[in-house]
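Here's the structure we're looking at; comments come further down.
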Amino acid sequence: MDFTDVSLVSLRVFQEVAERGTLTSAAAALGYTQSAVSRQVATLERAAGAPLLERRRDGVRLTAAGHVLLRRAAAVLEQIDAAGRELAGLPADAGTVRLGWFASAGGALVPKAVAALRRTRPGITVTSREGSTPVLVRALRAGTLDLVVIASAPPFRAPDTESPPLELRTLSERGLCLAVPATHPLAAEDSVDVADLRGQRWIAGHSGDDGLMGVWPGLDERPEIAHTARDWLAKLHLVAAGCGLTTVPPALLPVVPPGVRTVTVRGGPSERRRILLAWLPGRLTASAGHLADALAAACTT
């Protein structure tokens, strides 16, 4: 089979596999069976004359040939989608930015930046979605996102090891805080010692990428988890109700609800957190650049 005969369907399936990281997840997202996804990938591999995916226990990883195909497929599919919009009489897509963001960035940072951009650059359309850092980075490399907001903790490694390295811009670097009920004894001070956290009840949630989120990192005891929640604002409202303590990512400090006191923690490793913007080299459009500036401004005001 000549590679010029491959179908757009196969390219879209391959792009979805690259973004999702597993054949099963791609099949679910597309509404296909896993065997159908496997057949489409196998067809592409026969046409390419080389393996495109490395099958591993935890999913799939692109081979060198897979990276070449993904880069070209993303460009082809983007042009096809743009042609469809133009033929339908819709506005040109040059002013559209596809943004990805980590969970706590949706509490204040992203809405504030998008609202500011709508006032200053009304011709730019922003579409967005939430995801974990690995998911967002895969989507960026797959060409389905233009710009992503991600979080980083010490030792501040690159978000992935793929090539080419992503372009990164630090929006802010601040210390992790602790949220305590306003009536809690620890709320009397602006700063507490890490030893004061022993024996406390915690509100936390499990993340497949980051482990237990909400418990102060590095505690020298097994924490007592009183409540579990994935949503950060739900955790904070549980704190306000006096149900326990939780950590507060810097991005959520502007939306801490009444009844919650935020304090810093002394002792132990420095718990700094960075908020980063990431994009593919050479792929930051003027519209995405304006959104990046709006996000930077939102971090400093």
Side-chain angles (χ1 to χ4, degrees), residues 8 11-12 15-16 18-20 29-30 70-133 135-152 159 164-173 232-233 249-255 274-301:
L8 292 176
L11 294 180
R12 290 194 189 279
Q15 184 182 51
E16 197 72 36
E19 177 177 346
R20 302 287 174 174
L30 294 166
L70 178 62
R71 185 174 70 252
R72 298 296 188 179
V76 168
L77 294 172
E78 186 176 334
Q79 288 300 312
I80 291 295
D81 291 342
R85 287 191 293 270
E86 189 173 345
L87 289 170
L90 298 176
D93 63 327
T96 297
V97 184
R98 300 165 299 175
L99 175 69
W101 41 273
F102 68 98
S104 60
L109 173 58
V110 170
K112 185 176 181 181
V114 171
L117 190 67
R118 290 179 66 183
R119 292 193 298 270
T120 59
R121 304 274 180 175
I124 296 176
T125 299
V126 178
T127 62
S128 75
R129 56 180 155 119
E130 176 191 334
S132 66
T133 292
V135 169
L136 296 178
V137 168
R138 285 199 303 268
L140 196 61
R141 291 198 180 276
T144 57
L145 289 176
D146 304 305
L147 193 66
V148 299
V149 183
I150 57 178
S152 180
L166 298 176
E167 296 282 354
L168 298 174
R169 176 178 176 180
T170 300
L171 297 181
S172 69
E173 181 176 333
W232 280 104
L233 291 179
L252 281 181
L253 289 174
V255 292
R274 287 179 185 170
I275 298 177
L276 305 170
L277 275 179
W279 64 91
L280 284 172
R283 296 293 301 272
L284 190 68
T285 64
S287 296
H290 290 310
L291 176 57
D293 290 340
L295 288 161
C299 276
T300 59
T301 57

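Residue indices begin at 1 and follow the sequence shown.
The structure places OG1 of T144 at 8.0 Å from CZ of R20, a figure rounded to the nearest 0.5 Å. In this structure, CZ on R98 lies 7.0 Å from OG1 on T127, to the nearest 0.5 angstrom. Atom CD of E167 and atom CG of L276 lie 12.5 Å apart (nearest 0.5 Å). Here the straight-line distance linking atom CH2 of W279 with atom CG of L140 works out to 10.0 Å at 0.5 Å rounding.
Considering every non-hydrogen atom in both A103 and E130, the closest pair reads CB-OE2, 3.4 Å. The two residues L252 and W232 have their closest heavy-atom pair at CD1-CB, 3.1 Å. Scanning both residues, I150 and P159, for their nearest heavy atoms gives CD1-CB, 3.8 Å. Here the shortest heavy-atom pairing between Q15 and A74 reads NE2-CA, 3.9 Å. What you find for A151 and T133 is that their closest heavy atoms are O-OG1, 4.0 Å. The nearest pair of heavy atoms linking A18 to R138 is O-CD, 3.5 Å.
Among residues two or more places apart in sequence or in another chain, the salt bridge (Lys or Arg N to Asp or Glu O under 4.0 Å) test is passed with R71 by none. Listed by chain and number, the residues in a salt bridge (Lys or Arg N to Asp or Glu O under 4.0 Å) with R283 are E78 (sequence neighbours excluded).
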For side-chain contact (heavy atoms from CB on, under 4.5 Å), just list the numbers for I124 and L291, CA-CA rounded to whole Å, side-chain angles, deciding distance to a tenth of an Å, and then say yes or no. CA-CA 9 Å; I124 296 176; L291 176 57; 5.9 Å; no
Start with the C-alpha distance between L280 and L166, add both sets of side-chain angles, then the distance that settles side-chain contact (heavy atoms from CB on, under 4.5 Å), and finish with yes or no. CA-CA 5 Å; L280 284 172; L166 298 176; 3.7 Å; yes
Side-chain polar contacts of residues 104-118 - donor-acceptor pairs under 3.5 angstrom, sequence neighbours left out - could you list them?
residue	atom	partner	partner atom	Å
K112	NZ	T301	O	3.0
K112	NZ	T301	OG1	2.8

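When side chains are defined from C-beta on, V149 counts as touching L277, because their heavy atoms get closer than 4.5 Å. Side-chain contact between V76 and L8 is present, with heavy atoms from C-beta onward closer than 4.5 Å.
Within a 6.0 Å radius of CZ in R169, more than 12 heavy atoms belonging to other residues, nucleotides or ligands are found.
In this structure, the side chain of S128 does not engage the main chain of L99 through any donor-acceptor pair within 3.5 Å.
Partner of E19 under the salt bridge (charged side-chain N to carboxylate O under 4.0 Å, His left out) criterion, out of R12, R129, R141: R129 alone.
Ion pairing between a basic and an acidic side chain is recognised when a charged N comes within 4.0 Å of a carboxylate O; R274 and E173 show such pairing.
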